[in-house]
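Below: one structure, written as C-alpha cells.
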Amino acid sequence: MIYSTVLKAALLAAAAQAAVIPSSSPSGLRVRQIGNGQDVVTWDKYSFYVDGERVMIYSGEVHPFRNPVQDLHLDILQKVKALGFNAVSVYIHWGLVEYERGKFNWDGVFDLQPFFDAAKAAGLWVIVRPGPYINGESTGGGLPGWGVRVEGQWRNSNANYTAAWEPYISSVGKIIAKNQITKGGPVILTQPENEYSAFMYPDGSLNPDEDLLYEKQLLDAFADAGIEVPTFCNDAWIGGHFLSVDVYGYDNYPAGFDCLNPITSWPDPPDYFYSSHNDVAPNTPNLIAEFQGGSFDSWGGTTFEQCYKDLGPEMVRVYNKNTYASATHLLNIYMMYGGTNWGHLSHPGGYSSYDYAAAIAEDRTLREKYYELKLQANFLMVSPAYLTSVPVDVRNLATNGSNITITELWDEVGKNQRFYILRQTKVQEFTNSKFKVDVQTSAGQITVPQLGNAVYSLPAQDSKILITDYPAGPVDILYSTLEVLTWKVIDGKTVIILYGNTGESGETAILTKTSYKVDVRSGKSSTVSSKQTSTSLTLQFVVGEQTVVALGDDILLYVVDRVNAYNFWVPDVNLKKDLPVIIKAGYLLRTATFSGNTLALTGDTNGTTVFEVIAPKSVQAYTWNGGSLDVSLTRWETQEGRYRTKTPRVDMPDLARVKWKYINSLPEISGNYDDSKWVTADNTYTPNPTKPTTPVILYASDYGFHSGNILWRGHFTASGGENLFNLTIQGGNAFGYSIWDNDKYLGSFAGSAVPSADNGSYVLTEWIKGSSHVITILQDHMGLEQSWFGGQENFKLSRGLSDYSFGGATPILKHWKVTGNLGGEKFVDWARGGLNEGGLFAVRKGYHLPGLDDSLWASKSPLKGVTGPGVEFYRATFDLNIPDGVDYPMSVDIGSSATLALRVEIYVNGWQFGKYIGNIGPQKSFPVPQGILNYKGENTIALSLWSLEDNGAALESIDLVLRSQLEGGVGTVKNSVAPDFEERPGAY
Ligand SMILES: *[C@@H]1O[C@H](CO)[C@@H](O)[C@H](O)[C@H]1NC(C)=O
Ligand SMILES: *[C@@H]1O[C@H](CO)[C@@H](O)[C@H](O)[C@H]1NC(C)=O
C-alpha cells in the first residue's frame, strides 16, 4: 500500500486515464494462455482459470508476519473463506526473516508453512507477494536493517543491491515454490516487487524510466527458485509499468485516507478503469492487486475506530461495486485483516495497531463491513457470466432531479446477460434518489420497476447491481431490481435469496410459461404484488425482514432486508460445491461438513441465534460446534432452530491492583556505570548517502541497531568552560529523546506527531578543565523509513546523531559508545526475532521475559510511576483461566494525561505488543491475542516507563480488557513457543 502523499499524484494520474469507453467492444474467441509451462493457473483476456475452470478471484490481504500466533491463522482464513472469497494475498517481510545478513529465520512464528497449511485447510488459494520490497507501512518497507550499509541505489539493478536480495528471493522462493498449486499447495499467483511505478536517479530527481533489467532479474530469480505459477504486478496506478510480468495489475484506493472527515471527504468514483486497463493490458484480466479495504493511521492520528466511520460498509457499497462496473475479475482487498505491528514492525508513520479499519478488526472480531463484503462476494461467485462481461455503456441518468450513473456490462461470450451497476454520480449526494431505469432484455427494452407507481430507490452512499436475463439454475430471471445474494438448486427446487433496503420496493421478473400461484409463506402477503403474463411472472415486494414466496414446488424466493441478508452464509460443504446448502446463522458460520446423513456446522455466536437451513433432504441431522442442533420444519419446508449462546463469566485480573515490581532501567546515568562492553562507535566512514559532520559515525544502523530504544554515550575530557551541547538527532516521526551530562539531566525532546529530527541545544555547567564527562542520550527509534520509489535510498535515513558541537569550549573526545538491542543483528531471541527488543537496560538483560525471579525487586505500580526524568521497568504476573469453546479477545489498555511526555513499551510474555506515547497518541488500547496471552495459566506483563518530564510521569490507568465474548472460536490455540528468561552471558 502506498504513501498518501504519493497517492494524490497517483489518483490524479488515474483519473486522467479514465478515458471513454471503446465504441464497440471486441468479442473474440477465448484464448487460454499457458503460463510458464504449467497449465493449472491460466488466463485469457477476461479472467483466470484454475484447473480449467473460469474463476473470479476475490481475495483479502492478510500479513502472516503481523500475527505471531500460528494457530490463529486458521481463524482469520476461515473468516475470509466464509465471505465467499476464494483467496488471500500475503506480503512477506524480508527484514524480519534475514535480520542478520545471510542467516534466514523461517522457524517458529516466522515459519510460513503453518499459514499455507491453514489456507489449504480453509479452502483458500494464496497469492504471495514476497518483495524484496513490500512497503506495507512496515519498517524499511520490508528491506533489512543491514541494507542501510549496502551502498548505492536500492530497488533497481545496482549490483550491490542484487547481491543483497538474491539470497532472500532464492530462500523464500523455494518455500513458495513447494506450496504452489502445481505441487498440491494453495499458491496460485506471485508478485515480484511492489508498486514498481515511480523511480529515482541517485540525486533524488525523478527518473522517467523503470529499470527493465531489475524486473528481468526478479522474474528470473522467481523462476530459478522453481516458481511456475503466473506472476503479476501492482502498478500504483494504471501507468503500464512492469509489463514483463504474466498478468498486469494495479492498485486503487478510491476513498482516500481522510479519517477525520467521514464520507464528506470522499471523491466521486471514477467512471471506471476498464478502458485504461484495456489500453495497457488488453489480453489479460482486469486485476486490482490492492483495493482499499480501510486506511492506515499514524502517530497523532485519529484511531482506527474513527477511520472506520469513514471506511465502513458504505465504502464497500459505493467503491467495490464500482470495480465491478470495471469488469474487475481479480480483486484483492487491502487489508482484510491488518493485525499488529508487534515487535517494532511499523514504519515511523504508524503505530502498534495495524487494524486498518479492516472488515476483520485487529482483535479478529467482525465489523459490519465484513457482512457487506459477504453479500457482494456471494453474488459474484454464483454469477459466472460476470466473468466474461465488459462495460459497454455508462450514462448519467437524470430524472426527477437525480443524477445517477449507470454502467451497463454485457456478457460478450454468452451474449445474453447484462449487469447494470447503479450509483449516485456525486458521492456527496445525501438524498435518497427515486427514478426508473431502462434496461435491455431478451424481451426488449423495459422501464423498471413496472408495477403500480413504484420507483427504483437509491439511498445516499449506496450502489446497486441490477441484473437482466440472469439464469439462476433453470430459472430465467428476466430482470431484478432487488439484488441477488445467492441461489442454489436444492432437490430440484431453485432457491433464490434477494435483498434490498428496508421499506423500499423491489421488483423481480422471471420468464416462465407456467401459471404460478404466488404463495407467500412467510412475511405479510400485502407486501407482495404480482402480474402474470403468458411468458413471464413479475413480482413486486416491499422489503421487510424476511418474505418467503413459494412458486409451486419449483421455486422458493426469499426477499430479505440488508440486516437479515447479513445472516445468510453459503458454505462450501466439505470444501467442495457438491452439496448445495444455504444457511441462515448468526455472527459467523465457519465450516460445513457432511458425513453419513449429518451436516456438521461450526461457527461463532453471540446472543440467541436463529438458524434456518436450506439443504437437500439427504441431510437428516445437524450439529453445531459438535453439539446437536434441534430443528423443526418451517411452513416453506426448510429447517429452523434456535441456539442460545453460552459465554461463561471469567475472572479478569485487575492490573491496577496486581503486585507490580520495578527496577530503575537507566543505570547508565549513575557515576560508576561501566559501558566497556558496549559497541564502540568509532567508524569514520559511513556507506550512508547522507554523510554526517560528526568525528565518528553516530548512526545506529551502522552498528547493527535497528529498533526500539537506542542509547549513545559520548566520553569527553573537558577543556574547561564548555557551556552548551548542540545536536542534530533523528529518530523518525514522533520520536523523542532525553539527555544527561553524567548524572545531571539536561532535558528532553518530547516529540510530536510529525518531526523525525530535532536540533537541540542544552546548557552545560561545571565543565572544569580535565574533568570527565559522559553525555548520555536515550532516543526512540520509530522504525526505518520506507523507500517507495525505485532507486530510492530513503530507508537509509539515519537514526542517531548527524551533528553535534559544544559552546564555550571544545572538549577532547575520548570515544562514543552505542547500544540498541543486545547483540544487534546477532540478536539473542531467535524465537521472537531481531526486532522484538530495544536497547533499554532491562530489555538488554532479558527482564521483559517470563520466568525471571524478580522477588528482590522493590514493589511499585506503574500508576505511581517515575518521579523525575528517567526510565523504570515494571513487571507483574497474573493468571487467566479461559474455558475452551469460546473466543474472548483481550487488550491491554493504558492511559495517561495527554499533556504528559511518557513513552511506554509493553511486553506480554516477552513479546513486544505495544508502544504508547502519552503526549502524541492516539493508541491507548493494545490488542494481545490468545497464544501470546496464555489463556490457561500464568502471564507476565512488563512495561518500560520512560518519563521525559522533569517532575516524573505515571500511568493513570492500566487494564486487561475483555473486548468481546463469543462462543465458538477456532479451537485449540497453542501458545507461541519462545524461551523464558535465562541469565544472558555478556549482557550489560
Ligand atoms: C557497491 O559497493 C561498493 C563497496 O561498498 C562501493 O564501493 C560501490 O560504490 C558500490 N556501488 C554502487 C553502484 O553504489
Ligand atoms: C445533475 O447534474 C446536472 C449537470 O451536472 C446539474 O446541473 C444538476 O444540478 C444536478 N442535479 C442534482 C439534483 O444534483
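The structure displayed is predicted, hence computed values, not measured ones. Counting convention: from 1, in listed order, for ligands and their atoms alike.
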Inset, instruction - Provide the number and element of each atom of ligand 1 under 4.0 Å from a heavy atom of G152. - result: 14 (O)

Inset, instruction - Give a yes or no on whether atom 9 (O) of ligand 1 lies under 4.0 Å from any heavy atom of the protein. - result: no

Legend entry - Greater than 12 external heavy atoms within 6.0 Å of K826's NZ: no

Inset, instruction - Would you check if the side chain of K796 reaches a backbone N or O of V150 as a donor-acceptor pair within less than 3.5 Å? - result: yes

Legend entry - S772 side chain to K814 side chain, donor-acceptor N/O pair below 3.5 angstrom: yes

Legend entry - Whether H241 side chain and D235 backbone form a donor-acceptor pair below 3.5 Å: no

Inset, instruction - Report yes if some N/O of N160 lies less than 3.5 Å from some N/O of ligand 1; otherwise report no. - result: yes

Legend entry - Protein contact to atom 6 (C) of ligand 1 [nearest heavy atom, distance to 0.1 Å]: E151 OE1, 3.9 Å

Inset, instruction - Run the ring-centre check on H277 versus Y250 and record whether the distance is less than 6.0 Å. - result: no

Legend entry - Which of the ligand 1 atoms, numbered from 1, are nearer than 4.0 Å to a heavy atom of N158: 12 (C), 13 (C)

